[in-house]
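Notes follow once the structure below has been shown.
Read the numbers this way: they start at 1 and go in the same order the structure lists the ligands and their atoms.
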Amino acid sequence: MVKAIASEELERRLLVELGSRVRLGGFVYPLLLVAVALQVDFPGSYFWIFWLGTVLVVLAAIWRTMAANRAAHATTNWRSIREEIRVSSLLLTLLMIGLTSIALAAAPHSDFSRLILFGLISWTALGCNVFAPDLSLAKVFNLVSMVPFAIWCLSVRDEFGWFSALIFGISWLFLWIAAKLANTHLKKMVMTQIQLESQADDLRNARDSAEEASRARTQFLANMSHEIRTPLNGIIGVTDLMLGTELSQEQRELVGIMSQSGNHLLTLVNDLLDLSKINAGKLMIESVEFDVRHLLDETCRPIQLQAESKGLEWHMQIRKEVPQLCLGDPVRVRQVLSNLMSNALKFTDRGGVTLDVGMVDGKHMRFIVEDTGIGIESAKLDGIFEEFEQADRSTTRRFGGTGLGLAISKKLVELMGGRIGVQSAVGQGSVFWFELATSGNRS
Ligand code: ADP
């Protein structure tokens, strides 16, 4: 069934191709006839027959052009249009042959008649090429144009006659093969085009359904994250209140675990919400003026406390060329910095963590977070900013985490028009950096 549809479509497209090829060609015929008429002295009524035939050629050419125009948009009735093109083309050919014969009969042995005969071969070659999309038409055209003249040449019974008949015969065979090859080639091309279009359709449909599924997933994640966050905040709030009350040692430990787990879950839900917002293109980046040193102080205070409690060294360096005020989204800058610094602390057991803030090319601020922790294998570095990507399973088991923080950081930095990167060596530590324009997001 599918094959039948494809072969019908193939035939229809070949007709469209035929239509585009023959649309204007018919009007060359009367011009040729006028050129012939100017060279020939017609005896008696031949003159009028010739001109009447030329008028009929013009009418047939108009008919064929009209049919060819309709072929371009033909959908259901294309077969009848093909018949019209075939019949009008054959009519044109017969008229041309008839009128050329009249011209030859009027001047049978002149140089001009020889010119006409060989002109005919070029004309037939051109026609076979033009009619190649419809092999039957090309074959009939070739036969009708060549054979009568070959017979006529034989009837002349002189050396020129034999020779011309031979040339006509060879030309007929050659053009027959050429038309067949051209037709096969065209069919292959059109078939490939049909297949490519159908594949493009399939791909478009697959893309649409994937996009639809992704939208649904994003919406679901956004809704769920939102719904989960509200009761979770309630739980965390209550556990914090409970920790402020009088509790036994055991109760304090249990409530502490509850609070820690609640906070962990909240981070995860927030990450998912952020990611779904970013992926849905709904996360808006602000552009407001903020105090860089103030933001860094606020962001680093908890990190410094955590570093001290873990027995790690903590250094922060803000270079003097860093401006006091800059334009951007302080909430998102803080989110990226916190994520990089929390990771640095999480994956470092000895040594320390350093934050270095400076300028590059006078317009971009560069934040560098360096640690002396476990480092990352070079093979894993490329994919480290992908969603749910973690260096290895043992790291996940030992340190926990979701593999979303760096993916979110990368997307946020890019939304702010900046760049992010990393260098690392296993056992020696990692250097994560990002750069942002001090004049805000210009992307
Ligand atoms: P998470 O830390 O929640 O797993 P991230 O996206 O923040 O997710 O980090 C992805 C992975 O990159 C981590 O699991 C870890 O393997 C690796 N990684 C990130 N930062 C560091 C770091 N400073 N040192 C070593 N490995 C790191």
Could you tell me whether Leu406 and ligand 1 have an N or O pair separated by under 3.5 Å?
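Leu406 vs ligand 1: N/O contact under 3.5 Å present.
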Using distance alone, decide if ligand 1 has a nitrogen or oxygen within less than 3.5 Å of any nitrogen or oxygen in Gly405.
yes
Would you sort out whether Trp314 and Leu312 count as a side-chain contact (heavy atoms from CB on, under 4.5 Å), showing the intermediate values?
CA-CA 6 Å; Trp314 161 255; Leu312 296 174; over 6 Å; no
For Glu321, I'd like to know if atom CD has over 12 heavy atoms of other residues, nucleotides or ligands within 6.0 Å.
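Counting other residues, nucleotides and ligands, CD of Glu321 exceeds 12 neighbours.
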Greater than 12 external heavy atoms within 6.0 Å of Arg293's CZ
yes
Does a salt bridge link Asp371 with Lys346, judged by any charged N lying under 4.0 Å from a carboxylate O?
no
Sidechain N-carboxylate O distance under 4.0 Å for Glu83, Arg86:
yes
Need the ligand 1 atom indices (1-based, order shown) with element for anything under 4.0 Å from a heavy-atom of [X].
{"X": "Leu404", "value": "6 (O), 8 (O)"}
{"X": "Lys346", "value": "1 (P), 2 (O), 3 (O)"}
{"X": "Ser430", "value": "22 (C), 24 (N), 25 (C)"}
{"X": "Ala344", "value": "23 (N)"}

For Arg252 and Gln249, run side-chain hydrogen bond (donor to acceptor under 3.5 Å, both in side chains): C-alpha distance rounded to whole Å, both residues' side-chain angles, the deciding distance at 0.1 Å, then the answer.
CA-CA 5 Å; Arg252 186 162 295 281; Gln249 177 69 20; over 6 Å; no
Any heavy atom of Phe385 sitting closer than 4.0 Å to ligand 1?
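Contact absent.
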Heavy atoms only: which of Thr348, Leu345, Ile374, Ile376 is nearest to atom 26 (N) of ligand 1?
Ile376
